[in-house]
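Report on one structure; see the data block that follows.
These values consider heavy atoms only, across backbone and side chains, with no hydrogens, waters or symmetry-generated copies. One-based numbering along the sequence shown. Every number for a ligand or one of its atoms is a count from 1 in the order of the listing. Nothing here was measured: the structure is a model prediction, and the numbers come from that model.
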Amino acid sequence: MTDEYQNRRTFAIISHPDAGKTTLTEKLLLASSAIRLAGEVKAKGERRRAHSDWMSIEQKRGISVTTSAMTFEFEGNVFNLLDTPGHEDFSEDTYRTLTAVDSAIMVVDAAKGIEPQTRKLFEVCRLRDIPIITFINKVDREGRDPFDLIEEISDQLALDVTPKVWPIGTGGRFRGCYDMEHNRVLLPAEDQALGFERSVDVSSPDDPKLNDLIGADIMDEVRGEMELAAEGYAPFDLQAFRDGTLTPVYFGSALRQFTVAELLRDVGRYAPPPGKQKARLAQNEETSVDPDAEFVSGFVFKVQANMDPNHRDRIAFVRMCSGKFQRKMKLKVTRTNKALAVANPIFFLAQDRQLVEEAVAGDIVGIPNHGALGVGDTLTERDGLQFLGLPDFAPEIIRRVRLDDPMKSKQMKRAMIALAEEGASQIFTPSLGSDFYVGVVGSLQLDVIRERLKAEYDVAASLEVCGYDAVRWLSGTESDIDAFVRLNRNAIAHDRYGSPVFLARSQWEAGYAEEKNPNVKFLKTRERV
Ligand code: GDP
């Protein structure tokens, strides 16, 4: 069997908006030579936006709404970098993206430390024990004391920390960084425009060469700091890192290209190759799928529709989990039990899309389709296999869809289903009346839906407050659920898979119903079937 997957590193960057994720992404691509000139990621972003002006909201708000994947090679490894949208409204989408990675780089702003969104994303990583590499960015600016930052990470996230690269001065006194493992000093490149830091090997932090390169006064301070750091923190332990209990810490500057190559090198050296994925077999039996398994399998963690409005394309992003996928292979979608011939799968390279001939565990493959694939779907050669861990979350904002032109009701429903299949919204049909509800986790998504309904499906609609504030999936025996549904018909709706949900006017009411009906479980998440 193939062990090609061993050199795959599938990872994401998690951070609070503005910490430097975009800049770091660009510099990582540059360090790997996947792109030649700084500025390319932005340029590509702009081209993509120009293509997809359906997302004028993306431009107006200046945020990135789409999750994308990028594949590049460096020193014999194949890196698959998944972009997690940083805006807090998209936590659900982001959550699913994180189910598709094996490790993450956490970017922290040296002046701000751990910020709310960083923390939230970190918690998601912890749920799955995803190993985290910490990059403390912007050390070229006035920032907080390095020890202070490290202590904060260690205390707030309950992690052991091992400093790997230390800053030499900050702000106006910033001179470079020091690679503590390899005894190398990272200095500004001779020609900034051309690229990366210059590195000089030294014998130890005490090497007198450093005084000439840096200046004796700053170097004396930094020697003292590094000595303290080396004594005060645990040495790096690969197993502890891979178990998710220890994080190596790198100080650097994405903008000025300090510690970027070192970071990439260590994602290659330390981050784990694809591991086992939890799944379920036909008879509800839980199992896990080994990347070594012969049969091909993968799951859809993201669907992007209408990237190009002229072509109505729809791309499902699939994370491969086992076997060796080959183009034109027929794979079964477990949910629908239908076979899908995968004729034109694509890899997303930094500047290009490329037809996939073969893919192994860890790879991210884009599959164009016309609605056969939804978020959470499993594609496999093994009958009945369904990957777990890609739940729907109970929406907290529920709106009635009100059409400007009632004749367009059919079109609206088709559009809403297509949008729901992308995974960022959910739809509910109440059992009484002819209303149609949409539920989302973050309010920005409402603007996105309204805008896209109009631009992509030519349906003008408003999304009205409808009095409901909470949704719960019902679970229990068939007769218990039936009894509850009969007694509460005016508060029952069905999701797009036909499962009954309880609509509550408040979180409190949902809790009250739960208390009064001990035979029925009221669920805030739901695994796809
Ligand atoms: P994102 O929102 O996390 O993607 O952040 P960006 O990459 O867009 O960066 C936010 C801002 O911080 C931009 O103005 C960047 O130029 C700036 N920035 C990013 N990295 C650094 C750095 O290492 N040093 C300094 N001084 N500024 C940086």
Side-chain angles (χ1 to χ4, degrees), residues 11-31 35 37-46 48-49 58-70 81-91 93-94 97-98 104-122 125 132-144 146 149 164-178 186-189 192-193 195-197 249-264 350 442 444:
F11 71 109
I13 301 178
I14 61 172
S15 63
H16 193 84
D18 250 18
K21 189 184 64 175
T22 311
T23 311
L24 181 62
T25 302
E26 178 183 338
K27 297 301 160 72
L28 287 171
L29 293 171
L30 203 60
I35 56 173
L37 278 171
E40 284 291 334
V41 174
K42 280 235 162 76
K44 182 169 190 288
E46 253 126 44
R48 195 189 66 214
R49 279 185 203 143
E58 189 174 48
Q59 293 156 26
K60 267 189 256 163
R61 301 246 189 171
I63 54 165
S64 155
V65 183
T66 49
T67 300
S68 49
M70 245 182 278
L81 171 55
L82 304 192
D83 185 21
T84 52
H87 197 280
E88 61 185 317
D89 257 10
F90 294 93
S91 47
D93 221 17
T94 305
T97 297
L98 291 176
I105 295 178
M106 175 171 76
V107 180
V108 173
D109 185 318
K112 296 186 178 147
I114 303 276
E115 297 178 85
Q117 187 73 355
T118 329
R119 197 181 167 119
K120 219 154 111 185
L121 292 167
F122 170 79
C125 291
I132 306 276
I133 295 178
T134 302
F135 182 67
I136 300 186
N137 190 27
K138 307 193 188 180
V139 293
D140 57 312
R141 284 215 304 225
E142 217 54 67
R144 283 167 51 186
L149 289 160
K164 283 277 191 186
V165 173
W166 198 261
I168 305 177
T170 60
R173 298 176 78 227
F174 175 70
R175 297 287 180 275
C177 295
Y178 190 89
L186 315 177
L187 299 166
Q192 269 289 313
F196 278 79
E197 78 223 353
V249 177
Y250 299 77
F251 287 87
S253 162
L255 189 68
R256 297 188 51 192
Q257 311 189 150
F258 280 93
T259 325
V260 176
E262 287 69 24
L263 194 61
L264 188 57
L444 184 60

>> Would G20 count as being in polar contact with ligand 1, using the rule that some N or O on each side must be under 3.5 angstrom apart?
In response: yes

> Rounded to the nearest 0.5 Å, how far does CE of M106 lie from CD1 of I13?
Replying inline: 13.0 Å

> What about Y178 and W166, are their ring centers closer than 6.0 Å?
Replying inline: no

>> Distance check, rounded to the nearest 0.5 Å: I114 atom CD1 versus R119 atom CZ?
In response: 8.0 Å

> Nearest heavy-atom pair of C177 and T259: which atoms, and what distance?
Replying inline: SG-OG1, 3.6 Å

> Would you say ligand 1 has an N or O under 3.5 Å from any N or O of A254?
Replying inline: yes

>> For the 3.5 Å polar cut-off, considering only N or O atoms, please tell me whether L24 and ligand 1 meet it.
In response: no

> Quick one: does ligand 1 sit under 4.0 Å from the side chain of S253, the backbone, both or neither, non-hydrogen atoms only?
Replying inline: both

> Out of Q257, E142, K21, R141, who gets a non-hydrogen atom closest to atom 3 (O) of ligand 1?
Replying inline: K21

> Where does D140 meet ligand 1, judged by heavy-atom distances below 4.0 Å: at the side chain, the backbone, both, or neither?
Replying inline: side chain

> To which of E26, K27, K138 does the heavy atom nearest atom 18 (N) of ligand 1 belong?
Replying inline: K138

> Taking the minimum heavy-atom distance to atom 7 (O) of ligand 1, which of D18, I136, T23, D109 ranks first?
Replying inline: T23

> L24 pairs by side chain to side chain contact (heavy atoms under 4.5 Å, CB included) with which of L263, N137, L29?
Replying inline: L263

>> Less than 4.5 Å apart, side chain to side chain, heavy atoms only: is that true for F174 and F258?
In response: yes

> Is H16 reaching over with its side chain to a backbone N or O of Q117, donor-acceptor style, under 3.5 angstrom?
Replying inline: yes

> How does N137 reach ligand 1, if at all, at less than 4.0 Å between non-hydrogen atoms: by side chain, backbone, both, or neither?
Replying inline: side chain

